[in-house]
Number of protein chains: 2
Amino acid sequence: MHNMKPNTRKNEIIKTAATLFKDKGYSAVTMRDIAKAMGIKAASLYNHINSKQDILKAIIISLAEEFTLGMETIKASQVNSIEKLKQIISMHINITSRNKAGMATLNNDWMHLEDQLEYYLKLRVNYEDNLRDIIRQGILNNEILNDNLEVLLFSLLSTLRSLYIWIPLEDNLNEIELSQSLSNVLINGIKN
Amino acid sequence: MHNMKPNTRKNEIIKTAATLFKDKGYSAVTMRDIAKAMGIKAASLYNHINSKQDILKAIIISLAEEFTLGMETIKASQVNSIEKLKQIISMHINITSRNKAGMATLNNDWMHLEDQLEYYLKLRVNYEDNLRDIIRQGILNNEILNDNLEVLLFSLLSTLRSLYIWIPLEDNLNEIELSQSLSNVLINGIKN
DNA sequence: TATTTTAACTAACAATTGTTAGTTTCATTA
DNA sequence: TAATGAAACTAACAATTGTTAGTTAAAATA
């Protein structure tokens, strides 16, 4: 539940790159851009990383694996479906608030993965399948309305995946408050 | 409510470009990619368009203006706030289903607009302000729960903006059905 | 102290980029 | 028929791209 990376030069580069990727996207950011943001020359980056692609891989795969791990834990927990959904919402807020730039990169630049594209997609499909199963179980238990399952899944995932856009604006709202507010909206709807 | 573009060569290029932008993003798509997809050479594109940037502008600005126009109409309509929200959901589904590739480009590549970036951002802020006002009025009228307004707005907008990702998968579900399902989920929540 | 490691540098490369200039082909119009 | 316009082409450009090779300076280690 922490995943603190050591402060190596390599990790500083990855972090800097993620911030630039967030603003302009992977393809529009050059190695010279990253180097300039670090205050060094582009060639110097290669003392620490193997390629631009490796930076992208480092950003995306570690996050995807963190989500996968979190989902496995929640899946195994002995609570009802609504409670599981609340835990998932909470996990998304937690991971996203610690990795705003990385989440932007994961959401927008995953298709530029090369070697690891297949692996990433496997993790993503697996994650969606697990979430769908939780909702389906909730419907069977009469905890969740028997509406269109896919629409329900889509709506939930869309909001959670867009969190990186909004969380920076909500500094004043703390993580627990945000988690409760969001759970309320997503689970209870907005109608009075 | 239709916005049919004539079948000029220019519009064919814009449409082709939008499809490529959807898959790889504006920056990763070259003029040679677009030309190849059209079966011609890159230089030939310039008989019809002025620049790569002009293609992006044509895709994004026309869509942004279509949303702005739709919002003005709904804003002026004499129905309650929940009904207005339903109309907005319906508009998003309608515009998105007619412009899947364009909506991907609008969502992911707006930051690569140059001259028109400021104008686009103005339209977007204006749209969000109008939507916030509708929700606020709904709370005042006791139609909508007095939860955190920004969280509510965020959740709604996230789902609507992500529609382009999902609509292609839902061919079987028609527009009206999808609109009803989505309104149900967003307005009534998922809890039984 | 001698040696290795870390982290920067300069210079250059081959490929790719958006774009321009000038030309050709062919159908439509005057 | 002659002229015009639409839409393609070849060839080339200057700039930018990711990356490599080889070097240097300082810090850490033996």
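Per chain, numbering begins at 1; letters A, B, ... match sequence-line order. These figures come from a predicted structure and were not determined experimentally.
- Between the CD atom of E114(B) and the P atom of dG18(C) there is a distance of 12 Å, given to the nearest Å.
- A salt bridge between K15(A) and E12(A) is absent, with no side-chain N of the basic residue lying under 4.0 Å from a carboxylate O of the acidic one.
- Between the side chains of N47(B) and S44(B), no donor-acceptor pair is found at a separation under 3.5 Å.
- Within residues 31-43 of chain B, the residues that place at least one heavy atom under 4.0 Å from DNA chain D are, in residue-number order, R32(B), I40(B), K41(B), A43(B).
- Not one side-chain nitrogen or oxygen of S44(A) sits closer than 4.0 Å to the OP1 or OP2 atom of dA7(C).
- In the model, N148(A) has no side-chain atom that pairs as donor or acceptor with a side-chain atom of E150(A) under 3.5 Å.
- Judged by the 6.0 Å and 45° rule, K57(B) forms no cation-pi pair with Y120(B).
- Within a heavy-atom distance below 4.0 Å of DNA chain D, the residues of residues 46-55 of chain A found are Y46(A), S51(A), K52(A).
- Note on ring orientation: taking the six-membered ring where Trp is involved, the planes of F154(A) and W166(B) are tilted (angle from 30° to 60°).
- In this structure, K24(A) atom NZ and dT16(D) atom P are separated by 12 Å, rounded to whole Å.
- Among residues two or more places apart in sequence or in another chain, the side chain to side chain contact (heavy atoms under 4.5 Å, CB included) test is passed with N146(A) by I139(A).
- T30(B) comes within 4.0 angstrom of the backbone, heavy atoms only, and of no base.
- To the nearest angstrom, C1' of dA8(D) lies 11 Å from CD1 of I13(B).
- Ring orientation note: the planes of F67(A) and H92(A) are tilted relative to one another, at an angle of 30° to 60°.
- A salt bridge links E128(B) with R161(B): the closest approach of a Lys/Arg side-chain nitrogen to an acidic carboxylate oxygen falls below 4.0 angstrom.
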